[in-house]
Amino acid sequence: MSAAVIDERISAPAPDGKADASVVQVSESDWVSRFADEVIAEARRRDPDRPIVCASGLSPSGPIHLGNLREVMTPHLVADEIRRRGHDCVHLLSWDDFDRFRKVPAGIDPSWAEHIGKPLTSVPAPAGSEHPNWAEHFKAPMAAALAELGVEYRPVSQTQMYTSGAYTRQVLRAMSERERIDAVLRRYRTKEGVDDDGSVAAGYYPYRPYCSQCERDLTTVTGYDDETTELVYECGCGHSETVVLAEHRQGKLAWKVDWPMRWAYEGVVFEPSGVDHTSPGSSFVVGGQIIGPVFGGEPPIGPMYAFVGISGMAKMSSSRGGVPTPADALSIMEAPLLRWLYARRRPNQAFTIAFDLQIQRLYDEWDALSAKVDTSTATAADAAAHGRATRTARGALPTTARPVPYRTLASIVDVTAGDEDQALRIVRDLDPSRPIGSLDETRPRLDRARAWVLTQLPAEQRTRVRDEPDTGLLASLGDDERESLRLLAAGLDENWSLPGLTTLVYGVPKRLLGLPEDVKPTPELRAAQRAFFALLYHLLVGRDTGPRLPTLLLAIGADQVRKLIGT
RNA sequence: GGGCCGCUAGCUCAACGGUAGAGCAGCAGACUUUUAAUCUGCGGGUUCAGGGUUCGAGCCCCUGGCGGCCCA
């Protein structure tokens with residue numbers, strides 16, 4: 001990409017005139033920027049004086065997995081771009097915590113089945129939780145992850161909204177327009193009775209009360225008076241009752257009505273949704289036909305986003321256990337890297353997040369990109385994604401002062417088995433011209449690499465240093481091999497540094513062949529070096545390969561090395 | 001059966017309707033660092049196919065193919 005484009009981008013004046021000079025204006029051609037253009041134009045057309053509203057919705061019915069993060073990251077990135085341009089913008093996060101508890105997930109006490117049908121905020125949290133109810137228990141880790149990711153939003157609890165009566169006008173409106181709503185829904189209904197949106201022989205009612213006796217939603221509305229707003233319901237528990245809907249607080253609109261109601265209530269201009277919402281008869285399509293005639297207003301700009309996978313896994317489902325969450329991802333990678341994954345791909349593009357060895361390559365790519373950005377040699381799109389990953393309108397996210405390559409850190413953690421003194425000794429010698437004085441300079445990346453090694457690296461790929469010498473192998477060695485080991489052992493102490501040991505391990509085969517230290521490598525020497533290294537790996541870690549020998553030797557310690565090589 | 005999305009270099013992906021580009025892989029050279037090493041350089045394309053609109057199409061329209069997914 002030409003430098004002209006970059007220069008133009010950098011020299012573009014800050015729209016609000018107060019952004020500091022270090023904030024590089026993000027490219028105007030990436031997908032985030034294009035959505036921001038569209039959203040700003042649409043918001044201006046609707047009502048130029050209102051803050052621009054972007055929205056996300058999450059159901060805290062169980063662990064919130066990495067795929068659901070896209071529901072938040074997509075509006076976040078767009079809202080952040082809108083803020084960068086100096087507009088007032090709100091990112092709403094609707095917690096669907098007034099939804100019914102549908103089923104007891106695996107691993108939960110089966111007695112929780114008695115709560116099925118209650119609002120998620122009325123279900124006790126899983127045993128041992130510090131949180132007051134089911135919804136809060138699953139909201140908390142997501143909220144913590146979003147904070148770490150620098151996502152700014154305004155949380156909205158649907159329980160709070162419904163039970164406070166905030167939506168009463170809209171609920172009454174939906175009830176009086178129930179026939180019109182039913183007509184829309186009927187267009188997509190093919191079977192009788194399977195729709196969970198409240199179609200019954202007695203008539204369609206978009207409102208479902210939670211039973212005042214058992215708290216569950218096993219209720220059926222059997223009558224409604226538009227004049228008095230008196231509503232009659234029967235519950236599966238046997239309870240039956242007449243309530244005044246205008247004053248009723250324990251109930252909610254059917255999802256396909258609830259969603260457009262909120263679009264209208266909040267004035268949402270941008271809210272993406274998953275691919276499952278794009279089919280005919282889906283919530284988004286139906287909602288778009290309901291909002292105008294029933295609530296007044298227009299549906300938001302609502303791109304669909306594709307699924308996010310984990311490398312090695314197909315797609316994620318929160319109904320299955322053991323699915324990685326944003327917190328899991330943040331334990332093995334820094335926040336900017338995770339942000340980058342969501343920023344660099346358009347929403348309709350599926351991608352995978354690496355929990356396996358691929359993460360090392362990903363980090364290499366990230367470091368290379370960062371270097372290009374520092375020298376203004378990155379392409380416009382790459383620079384844009386990098387900018388969105390590393391900072392928000394509010395400021396920069398925390399970074400690692402000395403970004404040692406992830407694969408190196410992982411290797412160090414692996415070899416040292418968590419011994420920080422050894423790790424520091426190795427890290428300090430990595431770059432003698434700019435020595436690292438404290439492991440803290442390599443954090444938080446070091447901590448992420450450590451977590452990756454401990455939780456993701458398969459046991460068979462871990463390096464385990466032998467406790468005892470391989471006496472069988474030692475006994476089988478020839479004279480030359482014994483001599484090479486003796487030469488190594490003799491030089492350990494005076495060469496005990498990364499460069500020193502490097503010279504030593506390459507030098508031993510030379511001396512054995514009678515070659516000078518500064519000899520050019522011949523094929524014969526290369527072969528001898530390779531064989532020597534393989535021998536050492538076998539003696540030290542029981543395999544024919546491993547981490548670079550100088551690193552490995554430093555980590556093992558001279559005494560143990562001498563013990564393992566039988567000298 | 002209905003619908004959504006995608007198809008661009010070997011792979012993963014860029015490219016307001018205006019000369020198709022990156023990363024990785026590959027190849028060549030360099031290198032006294034092996035484990036997926038590092039540095040420099042180079043090559044790499046019928047943009048799934050066919051038709052249409054346009055001065056101009058990877059991009060817009062139509063038809064078909066293949067792939068992924070949703071609903072039924």
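Note that the coordinates shown come from a computational prediction; the quantities given were computed from them, not determined experimentally. For the numbers below, each heavy atom of this structure counts, side chains included, while hydrogens, waters and symmetry mates do not. Numbered from 1 within each chain, the chains take letters A, B, ... in sequence-line order.
- Looking at the side chain of A/Phe533, the nearest of the listed nucleotides B/G23, B/C24, B/U34 is B/U34.
- Classification of the A/Phe270-A/Phe35 ring pair by plane angle, with boundaries at 30° and 60°, yields tilted.
- Across all strands shown, B/G18 forms a Watson-Crick or G-U wobble pair, both distances under 3.5 Å, with B/C55.
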- Task: Give the intermediate values and the outcome of ring pair (Phe, Tyr, Trp, His ring centres under 6.0 Å) for residues A/Phe284 and A/Trp259.
- Result: CA-CA 8 Å; A/Phe284 191 86; A/Trp259 202 14; 5.8 Å; yes
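- For A/Asn495 and B/U33, the CG to C1' distance is 15 Å, given to the nearest whole Å.
- Between A/Arg34 and B/C59, a side-chain N or O to OP1/OP2 separation shorter than 4.0 Å is absent.
- Side-chain contact, A/Thr325 with A/Asp328: a donor N or O sits under 3.5 Å from an acceptor N or O.
- Side chain of A/Lys510, nearest nucleotide from B/U32, B/U33, B/C5: B/U32.
- When the P atom is used for both B/C5 and B/G23, the distance is 31 Å, rounded to whole Å.
- Note: A/Phe533 and A/Tyr506 have perpendicular aromatic rings, judged against thresholds of 30 and 60 degrees for the angle between ring planes.
- Of the candidate nucleotides B/U33, B/C5, B/A14, B/A14 has the atom lying nearest to any side-chain atom of A/Arg346.
- A distance of about 14 Å separates the P atoms of B/G44 and B/A20, rounded to the whole Å.
- Whole-Å rounding puts the A/Leu540 CG to B/U34 P distance at 17 Å.
- When the C1' atom is used for both B/G6 and B/G43, the distance is 29 Å, rounded to whole Å.
- Comparing the P positions of B/G3 and B/A14 gives a spacing of 26 Å, expressed to the nearest Å.
- Counting non-hydrogen atoms under 4.0 angstrom, A/Tyr537 reaches a base of the nucleic acid.
- The P atoms of B/A37 and B/C27 are separated by 13 Å, rounded to the nearest whole Å.
- To the nearest angstrom, P of B/G6 lies 10 Å from CD of A/Gln349.
- Side chain of A/Thr502, nearest nucleotide from B/U33, B/C4, B/A15: B/U33.
- Here B/C13 presents its C1' atom at 13 Å from CZ of A/Phe351, a figure rounded to the nearest Å.
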- Message: Checking A/Arg45 against A/Glu298 for the salt bridge (charged side-chain N to carboxylate O under 4.0 Å, His left out) test, could you report, in this order, the C-alpha distance in whole Å, the side-chain angles of both residues, the deciding distance, and whether it holds?
- Response: CA-CA 12 Å; A/Arg45 186 183 67 75; A/Glu298 299 168 67; 2.8 Å; yes
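- At B/G6, one or more side-chain N or O atoms of A/Asn348 fall inside 4.0 Å of OP1 or OP2 (strictly under the cut-off).
- What separates CH2 of A/Trp340 from C1' of B/A22 is a distance of 12 Å, to the nearest Å.
- Taking atom C1' in both B/U12 and B/U47, one finds a spacing of 16 Å when rounded to whole Å.
- Between A/Arg407 atom CZ and B/A37 atom C1' the separation is 9 Å, expressed in whole Å.
- If you check every strand for non-hydrogen atoms under 4.0 Å, A/Arg344 touches nothing.
- Look at B/G1: its Watson-Crick or wobble partner, with both distances under 3.5 angstrom, is B/C71.
- For the pair A/Ala368 and A/Asp364, nearest-nucleotide mapping onto RNA chain B gives the more 5' position to A/Ala368.
- If you take CH2 of A/Trp31 and P of B/A15, they are 12 Å apart, rounded to a whole angstrom.
- If you check every strand for non-hydrogen atoms under 4.0 Å, A/Ala306 touches nothing.
- Only the P atoms considered, B/C39 is 27 Å distant from B/A15, to the nearest whole Å.
- Base pairing analysis places B/U40 opposite B/A28; the two distances defining the Watson-Crick or G-U wobble pair are each below 3.5 Å.
- At the heavy-atom level, A/Leu369 lies nowhere under 4.0 Å from the strands shown.
- Taking the C1' atoms as reference points, B/G45 lies 16 Å from B/G26, given to the whole Å.
- The A/Glu365 side chain lies nearest to B/G23 when the options are B/C24, B/A14, B/G23.
- Other residues, nucleotides and ligands place more than 12 heavy atoms under 6.0 Å from the CG atom of A/Asp374.
- In this entry the distance linking CG of A/Leu536 with C1' of B/U33 reads 14 Å, nearest Å.
- With 3.5 Å as the limit, one finds no donor-acceptor pair spanning the side chains of A/Tyr406 and A/Glu334.
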